[in-house]
Engineer: 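Once you've had a glance at the structure underneath, I'll fire off some questions.
One-based numbering along the sequence shown.
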Amino acid sequence: QVQLVESGGGLVQAGGSLRLSCVASGLIFSINSMGWYRQAPGKQRELVAGITTGGRINYVDSVKGRFTISRENAKNTVYLQMSSLKPEDTAVYYCNAEINTTPGSYEYDYWGQGTQVTVSS
């Protein structure tokens, strides 16, 4: 079974920084894309940043220039460095990964449990 475990969330003041980490473990043959989503109360879950195995990256417009996504393939780990945080960044952040568990199989989406990021004024 595949498990994604996030860490690094917490409470920070506006203008501060946090780094989120997500490690995939379990029966993993290969990982394609990895990314971070977030959901605030009353709002739709949105893709914050995504990165492919080959390093192609995309960000939601609201975080461009402030957030940086990266990954270490050998460690099955993806990071989200968040700087210049704003109160509107407050949300539950979820790790996502497209994973093949056996050779020749189709990949499936797996999700972490979420980690709370709260940015105070």
Engineer: Is it true that a side-chain atom of Glu98 and a backbone atom of Asp109 form a donor plus acceptor pair closer than 3.5 Å?
Structural biologist: no
Engineer: What are the two closest heavy atoms between Ala91 and Ala40, and how far apart are they?
Structural biologist: CB-N, 3.9 Å
Engineer: Using modelled atom types and a 3.5 Å cut-off, is there a donor and acceptor pairing between side-chain atoms of Glu72 and backbone atoms of Asn76?
Structural biologist: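 No, the answer is negative, given that no donor and acceptor are paired below the 3.5 Å cut-off.
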Engineer: Among Val119, Leu18, Thr68, exactly one meets side-chain contact (heavy atoms from CB on, under 4.5 Å) together with Met82. Which residue is that?
Structural biologist: Leu18
Engineer: Could you check whether any side-chain N or O of Ser62 sits under 3.5 Å from a backbone N or O of Val60, counting only pairs where one atom can act as donor and the other as acceptor?
Structural biologist: no
Engineer: Could you go through Glu107 and Ile99, starting from their C-alpha distance and side-chain angles, then the distance that decides it, and tell me whether this counts as side chain to side chain contact (heavy atoms under 4.5 Å, CB included)?
Structural biologist: CA-CA 5 Å; Glu107 69 268 18; Ile99 296 174; 5.8 Å; no
Engineer: How many angstroms lie between atom CD of Gln3 and atom OG of Ser25, to the nearest 0.5 angstrom?
Structural biologist: 5.0 Å
Engineer: I would like to know whether Ile69 and Tyr79 meet side chain to side chain contact (heavy atoms under 4.5 Å, CB included); could you show each step before the answer?
Structural biologist: CA-CA 6 Å; Ile69 188 171; Tyr79 305 95; over 6 Å; no
Engineer: Calculate, to the nearest 0.5 Å, the distance between atoms CZ and NZ belonging to Arg38 and Lys43 respectively.
Structural biologist: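 Reported value, rounded in 0.5 Å steps: 8.5 Å.
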Engineer: Counting only N and O atoms by type, is there a donor-acceptor contact under 3.5 Å from the side chain of Thr53 to the main-chain atoms of Ile31?
Structural biologist: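 Flag set: sc Thr53 to bb Ile31 pair under 3.5 Å.
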Engineer: When you compare the side chain of Gln116 with that of Thr90, does any pair of heavy atoms fall below 4.5 Å?
Structural biologist: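 They are in side-chain contact.
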Engineer: Kindly compute the distance separating CD (Glu6) from CG (Asn96), expressed to the nearest 0.5 Å.
Structural biologist: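 Between Glu6 CD and Asn96 CG, I get 10.0 Å after rounding to 0.5 Å.
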Engineer: Can you confirm whether Val117 sits close enough to Tyr93 that some side-chain heavy atom of one is under 4.5 Å from a side-chain heavy atom of the other?
Structural biologist: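 Yes, their side chains come closer than 4.5 Å.
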Engineer: Are Leu27 and Tyr108 linked, directly or through other ILVMFWY residues, by side chains that come within less than 4.5 angstrom of each other?
Structural biologist: no
Engineer: Show your reasoning for whether side chain to side chain contact (heavy atoms under 4.5 Å, CB included) applies to Thr101 and Ile28.
Structural biologist: CA-CA 5 Å; Thr101 58; Ile28 299 173; 5.9 Å; no
Engineer: List the atom of Ser84, the atom of Ser17, and the distance in Å for their closest heavy-atom pair.
Structural biologist: N-OG, 4.4 Å
Engineer: Taking the side chain from Arg45 and the backbone from Gln39, do they hold a donor-acceptor pair closer than 3.5 Å?
Structural biologist: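 Side chain of Arg45 to backbone of Gln39: no pair is present.
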Engineer: Can you tell me how far the CE atom of Met34 sits from the SG atom of Cys95, to the nearest 0.5 Å?
Structural biologist: 5.0 Å
Engineer: Is Lys64 salt-bridged to Asp61, cutoff N-O under 4.0 Å?
Structural biologist: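 A salt bridge links Lys64 with Asp61.
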Engineer: Within the 3.5 Å criterion, strictly below it, is a donor on Asn58 or Arg56 matched to an acceptor on the partner's side chain?
Structural biologist: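 Their side chains do not contain a donor-acceptor pair, so the 3.5 Å distance test is not met.
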Engineer: Are Val48 and Leu85 in one and the same hydrophobic cluster, where Ile, Leu, Val, Met, Phe, Trp and Tyr link if side-chain heavy atoms are under 4.5 Å apart?
Structural biologist: yes
Engineer: So does Glu88 have more than 12 non-hydrogen atoms from other groups sitting under 6.0 Å from CD?
Structural biologist: yes
Engineer: Between Leu4 and Cys22, what is the shortest heavy-atom contact and its length?
Structural biologist: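 Looking at all heavy atoms of both residues, the closest pair is CB-SG, 4.0 Å.
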Engineer: Mind checking whether Leu47 and Tyr59 have side chains closer than 4.5 Å, heavy atoms only?
Structural biologist: no
Engineer: Answer yes or no: is there a donor N or O on one side and an acceptor on the other, between the side chain of Arg71 and the main chain of Ile51, under 3.5 Å?
Structural biologist: yes
Engineer: Do Val78 and Val5 sit in one hydrophobic cluster, given that two such residues count as connected whenever their side-chain heavy atoms are within less than 4.5 Å of each other, even indirectly?
Structural biologist: no
Engineer: Under 6.0 Å between ring centres: does that hold for Trp111 and Tyr37?
Structural biologist: yes
Engineer: Give the cluster check for Leu20 versus Ile57: same hydrophobic cluster or not, with ILVMFWY residues linked at side-chain heavy-atom distances below 4.5 Å.
Structural biologist: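 Yes, because Leu20 and Ile57 connect within a single hydrophobic cluster, where side-chain heavy atoms sit under 4.5 Å apart.
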Engineer: For residues Gln113 and Tyr94, is any side-chain donor paired with an opposing acceptor at under 3.5 Å?
Structural biologist: no
Engineer: Where do Leu80 and Trp36 land on the side chain to side chain contact (heavy atoms under 4.5 Å, CB included) test, with the steps shown first?
Structural biologist: CA-CA 8 Å; Leu80 186 66; Trp36 292 93; 3.5 Å; yes
